Amino acid sequence: MKKYNPRKIEKEVQKKWEENKAYFHRDQKDKPKYYVLDMFPYPSGDGLHMGHTESYTASDIIYRYKRLRGFDVLHPQGFDSFGLPAENYAVKTGIHPKETTKKNTENYIRQMKMLGLGHDLDHLIYTSDSSYYKWTQWLFGKFFENGLVERKTDKINWCPSCNTGIANEQVENGKCERCKTEIEQKEVPGWFFKITDFAEDLINDLDKVDWPEATKKNQINWIGKSEGAKISFRIKKSSQTDADLTQTNTEERETLNDEISVFTTRPDTLFGATYLVLAPEHPLIEKLKLEIKNWSEVKKYIERAKNKTEMERLESKEKTGVKLEGLVAINPAIAKMLSQSQTDAEQIQKDVKKNILRGSALSPRESAVSSEAEIPIFVADYVLGGYGTGAIMAVPAHDERDFEFAKKYDLPIRYVTKYRIKYVVDSKFKIDAQEKINNFFDWVLKHTHPNKTKIISRTSTVLEFESHDYFGYKKNLSAKRIINFHSISKNVLINSGQFDGMNSEEAKKAITEFVGGEMTTNYRLRDWSISRQRYWGCPIPIVYSPEGEAKFVGEENLPWLLPEDVDFKPTGTAPLAKSKELKERTEKIFGKGWTPEVDTMDTFVDSSWYFLRYPDPENEKEFCSPEKLKRWLPVDLYIGGAEHTYMHLLYARFFVKAMYKMGLVSFNEPFLKLRHQGMVLDKNGMKMSKSKGNVVNPDDMVKQFGADATRMYMMFAGPLEEDVMWKEEGVKGVYNFLQKVWKIFQEKNLIDCREGKSFEIDKKLPFILHKTIKGVTEDIEELKFNTAISKLMIFINTASRIVSQPQTDVEQTQKDAERIQSGVGKNILRGSASSPRSSATLLKVMENFLILLSPFAPHLSQYLWEQLGKKDFILDQKWPQYDSKFIQEETTELVIQVNGKVRDKIKVPADISEKEAKEKALASEKIKKYTEGKEIKKTIFVPGRLINLVV
RNA sequence: GGGGAUGUGGUGAAAUUGGUAGACACGCUAGUCUUAGGAACUAGUGCUUCGGCGUGUGGGUUCGAGUCCCACCAUCCCCACCA
């Protein structure tokens, strides 16, 4: 018998596929469409890694399955071929990125063929090809015309090593996600996509798509919506001397025109705002420097904050800041209260004085300041320049960070809300735990503010008290198991004049209105900065008039080619600035004095729409024809790594939403269903990395085990979304399986059949086949490839026996039947399965099995298919349907439980009635042991499955 | 600090969604065989003091819990001074 020789088989089959263009995609309009998409690779010098192998295999299985199910399936591939590595390589070696990219993509294509991936390689996309980036530029033009991309000078994240700006999403822990260099903030003019315009839709529309929940949540988190208010604080010059401070006539002091606008989610605590804090980057600081008495100190602090690396910021958790001497802000709520009524004003002054709490004793100086609406202003780096307005109102009583800062700088703390909390000990909790309960109550009280907590009642099982919503006691609220219930009354305002007694939620709006503020929604998401001062990217199709006005180069000038006459070396100014050709081209077309934009686009722009190009990759008139867009999009299934949650997946969604708004597409979510593959780890569960030298690559694995085994192992090792540990011992399992498949097809009996000899087959073979069809089909639909494969294994294990010894060993056959896969249970076969006992049936069974196997092991199944005398491709067959009449069981094993414990199992007809089942159960010797002399109080019967006797 | 995920044999993992825990594999143990191979085949393989006990731990709901509820522990990932 010939041995299973994957290398030989796979080469032969691949050659045949290629010669016949088996994966060439032609629209078949009579069939329903299915679009299964891979995340296209960046063609690096290392070739495909195992992560690609896994996710591409998964999508390839779906592709083959859907094709067999009669769908017209689009399964395209391409290359995200612009990007830094090729450029850096060019800097090092002088080889043009074009060359590197070509070489690398060729290697990728070779590997994809080697793995037997059924991509349509005749319609590949390269984002660095001008026939593609022409449309990237065209889209940019559309965005430009519609005001969805704008040029502004803003602080951007600058990577000093890559010498380019990068997007917020590309910063990891303050470092460049690519080269791990500390990111600096730099003011650079650049282009920004207005992704923030779509923040709300980007959150809400996640409801419409079938994506992993974790991915959705992460995106929502990243967008970071928070509702609150913008409130303005007027600024005044403050007196400088202690003597002045005693004359607290605020009206006499000069009010400045500038105001400080803050964003807060807790406008209800405005009366408790006892100081303001500006981020070091806040523009007002520079603007008011003449008014700031301690300017040199402030300036020093700002400089230091700027130069602080992320590491330093993380290390020193302690908050720092500097007070802006010479300036004060006016708490608008208190000010308005004071001006409203003299009596009120007196009252509030009294209240204020009475309710000031602080880390240490009040100094006369602060006492004077804090008893007014005037509050000091600080600059501190715990406030971020990039979030909200870059300024906060600090409410130390109700915010942990503000509290910490206030304590350090000895600032007033004013409580303006309170909670009522009640703990009730669970009645089931026995009284002997009284000590525990006491300890717990003490613990709770210890963690509240002793002088701000009022105990309302305390008994042995109830503790009720009032406190402020200061964070302390919130931690570990239910730390001890003995408490089963606690209630928190609504947060209610105090020390807030006319708002006292109002609940916190209502007060947010009321107080905001009261001071003329505005309820707003704030997002963490920033606009997408896409300008890159690098060479190997898509040129931004913009030119500037002599007056400096930006103009889109126009559709007729597309593609706006990437110039070739440049030096790649990154210097911080864009390489394109050195291109003579680009400059001449610009002047030639637009006139003297016109200059080209010299930045290139972030490569994520290229990948934000590539899936729209696939249905119509050769179209020279449109990025994709409307008919093809309508037929193929949105994408039905997208498989790829979870690491793209914040960047690619967010950007692509934004692009489609913007295009929808512009009327370019008729859908607003690109990917209906998304699944991630897990990571491929080494045998010890470690990440693979070059530096650790534990990288496994597809070439070696295919050489060693063949493509089919490599593919199958990745799928068999566990669920798709979980990590796979690459253990070579593990590959053996699927290799053995493939060998068994090979062997069964070399059996004499099967060969005889093929040659037309009639032959009695065991009637259970069709039964198992139909079970397998059902199981494998359901599993593939749910992307549960690991269990689908196990079902194929079960089929082969049983079938090998039958095929190798068809006439004999009835007992063994019976045993096999009992071992049939889990879904079937240990059922006895239906005798009535109408299997004509002929060679035709055996062949049919085995043919069907090959079709089931083919998505997983396309080479072997095709090879054996031909061995059965077929001339065509297994790809073009029909996926088998199971017939439920073959699956129905006549008898079943009934589990008998006594008090919920399994005590016996008996074989009974599948449709046994409860009454009969009970009789049979009680007749069992094993059961009698447990029921003897006892009354059966209750019987639970699950038809066909189990009976539970309660005694 | 916030968010998320995961805990099941020696190992990777199954479990029709509340109904026989450990399918299918790897590994291991014994045996058979010989074109000595990456063999193949057969039997066995959760623990056990043979009463039982077993899905990270402790409670709860239920006739019945890996699955549902509460709390805790551990590991991993992501975000992180986001007002």
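On a predicted model such as this, the values are computed, not experimentally measured, just so you know.
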Task: For RNA chain B, the dot-bracket pattern of Watson-Crick and G-U pairs whose distances stay under 3.5 Å, | for other-strand partners - done: (((((((..(((......[....)))((((((.......))))))((....))..(((((..]....))))))))))))....

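At a threshold of 4.0 angstrom between heavy atoms, the contacts of A/Tyr735 with the nucleic acid are absent. The residue A/Val902 sits close only to the backbone: its heavy atoms come under 4.0 Å of sugar-phosphate atoms, none of a base. Among the heavy atoms of the strands lying under 4.0 Å from A/Asn786 are primed sugar atoms or P, OP1, OP2 only; no base atom is included. Residue contacts shown for A/Tyr646 are limited to sugar-phosphate atoms, with no base heavy atom under 4.0 Å away. Counting non-hydrogen atoms under 4.0 angstrom, A/Lys225 reaches nothing in the nucleic acid. Within 4.0 Å (heavy atoms only), A/Gln704 reaches at least one base atom of the nucleic acid. Contact annotation for A/Asn221: backbone-only contact, meaning every heavy-atom pair under 4.0 Å involves sugar-phosphate atoms and none involves a base. In this structure, A/Lys217 reaches the sugar-phosphate backbone alone: every heavy-atom distance under 4.0 Å involves primed, P, OP1 or OP2 atoms, never a base. At a threshold of 4.0 angstrom between heavy atoms, the contacts of A/Thr939 with the nucleic acid are absent.
By the salt bridge (charged side-chain N to carboxylate O under 4.0 Å, His left out) test, A/Lys905 pairs with no residue at all, sequence neighbours left out. The side chain to side chain donor-acceptor pair (under 3.5 Å) check on A/Ser261 picks up nothing, with sequence neighbours excluded. The salt bridge (charged side-chain N to carboxylate O under 4.0 Å, His left out) search around A/Lys784 returns A/Glu782, not counting sequence neighbours.
Applying the 3.5 Å distance criterion, the base of B/G19 shares a donor-acceptor pair with the side chain of A/Gln897. In the interface, the side chain of A/Lys319 is paired with the base of B/C81 through a donor and an acceptor atom under 3.5 Å apart.
A distance below 6.0 Å separates the ring centres of A/Tyr4 and A/Tyr735.
The pair A/Lys774-A/Glu778 meets the salt-bridge criterion, since a charged nitrogen lies less than 4.0 angstrom from a carboxylate oxygen. No salt bridge links A/Arg945 with A/Glu893; every basic N to acidic carboxylate O contact stays at or beyond 4.0 Å.
Base orientation of B/G12: anti, since the glycosidic angle falls outside 90° of 0. Glycosidic torsion of B/G54 falls outside 90° of 0, placing the base in anti. B/U17 shows a glycosidic angle within 90° of 0 and is accordingly assigned syn.
For the segment residues 718-729 of chain A, residues with any heavy atom less than 4.0 angstrom from an atom of RNA chain B are, sorted by number, A/Pro719, A/Lys727, A/Glu729.
The aromatic rings of A/Tyr409 and A/Phe405 are tilted relative to each other, their planes meeting at an angle between 30° and 60°.
With hydrogens and angles left out, the side-chain atoms of A/Ser504 and A/Asp268 include a donor and acceptor closer than 3.5 Å.
Separation of the C1' atoms belonging to B/U55 and B/A21 is 7 Å when rounded to the nearest angstrom. Across the P atoms, B/U8 and B/G3 are found 25 Å apart, a figure rounded to whole Å.
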Task: Verdict with reasoning, A/Tyr523 to A/Ser226, per side chain to side chain donor-acceptor pair (under 3.5 Å) - done: CA-CA 6 Å; A/Tyr523 300 92; A/Ser226 51; over 6 Å; no

Between the protein and nucleotides 39-41 of chain B, are there any N/O to N/O pairs under 3.5 Å, and if so, what are the atom names and distances?
unit_1 : atom_1 : unit_2   : atom_2 : d
B/A40  : OP1    : A/Asn736 : OD1    : 3.1

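Neither OP1 nor OP2 of B/A23 sits under 4.0 Å from any side-chain N or O of A/Thr787.
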